[in-house]
Amino acid sequence: MRVADIAKRLTAVFTAAVIPIFIPSSPVTADSPDDIFYEDFSGSSLDTGKWLIAEKNWGGTVEVKGVTEDYNGGVISENVAVSEGKLILTGLGNDYDGGLRGINRDKSRRKDGKRCGGAIATKEYFGSGSYEIRAKIAPELGCCSAMWTFEYEENYSGDKLDIVNHEIDIEFPGRDDNVDFSLSHALCTTWVTEKDYKTESVSCGSQADGQFHTYRFDWHTGSDTEMPRVEYYFDDVLTYTSYDFIPTNKSRFWLGLWFPKDWAGTPDFDQTGFQVDHVKITPFHESGDTPQHESYSDSGWSEKAELPKGWLLWHSYSSYSALDSKLYLRDPDGNTVTVDGSFVHAMNGSFGDSPEQFTFMAIDQAADEWDIYLYDNGKLSNLTERSGFRNEDPKWSPDGEHIVFKRGHWDSSADGFVYDLALINVKTREVTMLTNDSDEEAMPCFSADGKYIYYAGYKNGTGSIYRYDTFENKSETIFSENGVNAYYPIVSGDRLYFTKWYSADNRCDQIMCFEDGKLSSLPFDSDKYDCSDACPVDGNKMIFSSTMNGGYDLYYYDGKNISSLTELSSDMNELGADFFPCEEVDTIRGDVNKDGRFNTADLLLLQKWLLSVLGTELKSWKAADLCEDGRLDGFDLCAMREELVNKAD
């Protein structure tokens with residue numbers, strides 16, 4: 001979908017009977033008796049109302065230079081993602097040398113990310129039932145793709161410890177007839193303690209074929225009509241039934257990709273993945289079900305930072321010099337569009353007064369020059385078209401009337417481009433130059449009150465952070481360190497964030513916070529990878545770009561925890577984020593489906609609602625009341641149509 005296509009001319013004529021329909025004073029709700037658990041991972045991120053993300057370690061120890069260490073790096077939240085309707089669990093093998101680090105049993109972080117996976121579990125406990133997933137297992141030996149139920153208890157009687165381990169597994173790889181590791185076989189295991197269990201290696205055909213397969217076990221705890229047993233199905237074929245050591249305690253349902261010691265092979269690879277299309281749990285409610293009394297039910301779970309709902313702009317490119325940057329806009333529902341037009345190499349988007357208004361820089365294909373573009377409620381325009389200058393790094397003024405940017409021109413005496421700060425009036429397109437000297441001024445941004453403009457100034461190739469007083473037309477130095485490059489200032493309230501090198505000898509970027517005259521680094525900064533392009537969200541919360549896992553990806557920091565925005569990551573470099581939170585959005589006139597836009601989708605939705613089409617719901621009736629008379633009828637529909645026609649013109 002292209003942003004430029006959002007506002008299309010209305011060509012169809014809609015009619016409706018003018019029957020007044022009064023707004024109900026309270027919503028009508030209904031409870032569903034259906035207790036089937038179903039998850040298709042259709043959201044933009046994992047539904048943490050249903051799922052827990054594991055952050056723990058199990059799987060054995062090894063001796064390294066006389067010291068006992070955990071064999072693997074456990075499972076961590078960074079290896080859990082949802083993308084394009086699939087759960088993605090990533091496994092990092094022996095060849096992985098990226099920035100992610102695994103976790104030890106004592107919760108400390110390891111020195112590397114080798115043999116580190118990801119796992120999730122349901123918040124809810126389930127008993128007897130049918131447990132089904134459709135999935136594509138990791139096609140590598142050395143790791144384990146698994147689905148399982150699990151309930152663990154430690155019961156002490158004096159000095160004696162009794163361990164309850166109620167568990168049902170389907171795990172890959174299994175063993176073939178020669179007892180070799182095989183991805184055409186699965187280990188099917190039932191447990192009631194850590195010693196009382198039975199495992200069967202079941203032949204199920206090639207599962208490492210790159211295709212999705214259906215895996216299921218039907219767990220019967222027993223009743224007057226059912227014998228306790230677990231039936232294992234592969235692609236809907238009953239393949240094996242276990243009658244031994246059948247669990248009865250209600251358990252959480254797990255999905256995981258992890259690294260066993262010895263019994264899965266050697267993980268001689270960089271990265272691999274276990275993909276899950278859906279999960280379906282159909283409870284049987286058999287009389288043999290017994291309650292859970294799990295000993296550590298709240299332990300071992302990640303407090304993953306969750307990005308608030310809102311709109312997100314960012315750009316992605318293979319390298320700056322490749323001129324292949326794409327600018328993306330994601331809405332609160334996780335729908336992403338590419339910002340397209342007669343330009344290339346779009347980047348550095350900045351929101352205005354609403355998520356329907358933003359500016360960015362791109363190269364005009366016709367003029368072959370850098371220009372400042374404006375997207376405003378579906379209309380795209382070039383604000384600096386054919387100016388003869390290089391126009392880059394746009395940021396809005398607090399009043400929404402101006403955009404500050406850097407403007408460059410060729411200076412033959414300097415044998416290069418000279419860049420100064422400029423201000424453009426969005427309505428009149430009049431440009432005012434703010435500086436005029438031989439030094440480069442770049443990446444400007446306004447203070448919250450509009451009095452100052454912070455920017456990166458370069459002398460002899462090294463950047464420092466300056467502040468320009470718009471009242472007195474003079475600049476002062478905020479930060480400068482000999483041999484250290486500083487750039488990309490951004491303001492959030494009274495705080496100034498910017499990026500600088502770790503030191504003159506270490507060019508890893510880190511994000512700094514300048515507040516009340518004090519300068520401090522942020523908790524996620526490192527001397528081993530880059531952190532840059534700060535995008536403050538609220539308080540201490542921030543989106544930023546980092547190379548902690550290889551190339552630049554987007555991350556979210558909630559003031560305590562860091563999470564990779566994995567669903568936005570690619571093999572390109574993701575940079576230049578800007579965020580517009582939902583809570584800052586007032587009711588948009590006509591936006592009855594509350595997607596942040598007023599377009600033909602709202603018109604069609606209101607028409608269906610007026611015609612009482614079953615299942616039609618208006619998310620914002622106030623936005624539909626264009627006549628402002630406290631009721632919805634055909635007059636509002638006609639008013640909406642007229643406004644859309646005028647908007648398209």
Side-chain angles (χ1 to χ4, degrees), residues 1-34 36 38-45 47 49 85 308-312 329-337 353-357 375-379 580-649:
M1 182 187 298
R2 294 160 53 129
V3 170
D5 292 337
I6 292 177
K8 293 184 178 179
R9 183 175 180 85
L10 197 60
T11 57
V13 177
F14 299 96
T15 61
V18 185
I19 302 173
I21 302 176
F22 291 87
I23 312 300
S25 59
S26 60
V28 178
T29 60
D31 295 326
S32 171
D34 192 356
I36 293 176
Y38 186 78
E39 173 66 86
D40 62 2
F41 305 105
S42 58
S44 59
S45 61
D47 184 350
K309 275 210 162 191
W311 288 260
L312 182 66
L329 172 65
R330 190 180 75 158
D331 68 19
D333 294 325
N335 303 308
T336 300
V337 295
D353 291 333
S354 80
E356 278 295 294
Q357 182 189 62
Y375 175 84
D376 192 355
N377 289 285
K379 294 183 179 180
F580 199 105
C582 277
E583 56 265 26
E584 290 188 12
V585 180
D586 295 327
T587 300
I588 298 174
R589 183 176 171 84
D591 180 23
V592 296
N593 62 9
K594 293 199 72 174
D595 65 353
R597 296 178 289 269
F598 172 35
N599 53 28
T600 54
D602 300 294
L603 182 73
L604 292 170
L605 182 62
L606 178 58
Q607 183 188 38
K608 289 172 65 178
W609 191 84
L610 289 170
L611 294 173
S612 300
V613 175
L614 187 65
T616 304
E617 176 188 3
L618 301 183
K619 294 187 177 180
S620 176
W621 70 265
K622 289 183 178 180
D625 186 20
L626 271 66
C627 295
E628 300 179 358
D629 57 3
R631 62 183 182 179
L632 300 184
D633 53 33
F635 292 111
D636 298 295
L637 186 70
C638 292
M640 184 178 287
R641 175 184 174 276
E642 182 177 2
E643 288 196 16
L644 282 171
V645 171
N646 293 336
K647 179 181 175 182
D649 287 337

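Just so it is clear, the model here is predicted, and its values are computed rather than measured.
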Could you please spell out the steps behind the side-chain contact (heavy atoms from CB on, under 4.5 Å) verdict for Leu329 and Leu312?
-> CA-CA 6 Å; Leu329 172 65; Leu312 182 66; over 6 Å; no
Rounded to the nearest 0.5 Å, what separation is found between the CZ atom of Arg641 and the CG atom of Asp636?
-> 15.0 Å
Flag the pair Tyr38 / Asp40 as yes when at least one side-chain heavy-atom distance between them is below 4.5 Å, and no otherwise.
-> yes
From CD (Gln357) to CG (Asp376), nearest 0.5 Å | 4.5 Å
Side-chain contact test, heavy atoms from C-beta onward, threshold under 4.5 Å: evaluate it for Leu626 versus Arg589 and give yes or no.
-> yes
Salt bridge flag under 4.0 Å for residues Lys309 and Asp333 | yes
Pairwise side-chain contact, Leu603 with Leu644, heavy-atom cut-off 4.5 Å (strictly under) | yes
If you round to the nearest 0.5 Å, how far is CG of Leu611 from CG of Leu637?
-> 8.5 Å
Close side-chain approach of Arg597 to Asp331, heavy-atom, < 4.5 Å = yes
With the side chain counted from C-beta on, respond yes when Pro308 and Pro581 share a heavy-atom pair under 4.5 Å apart, and no when they do not.
-> no
To the nearest 0.5 angstrom, please state how far the CG atom of Leu632 sits from the CE atom of Met640.
-> 8.5 Å
When rounded to the nearest 0.5 Å, the distance separating CD of Gln607 from CG of Asp602 is 13.0 Å
Please tell me if the side chains of Trp311 and Glu356 come closer than 4.5 Å, counting only heavy atoms from C-beta onward.
-> no
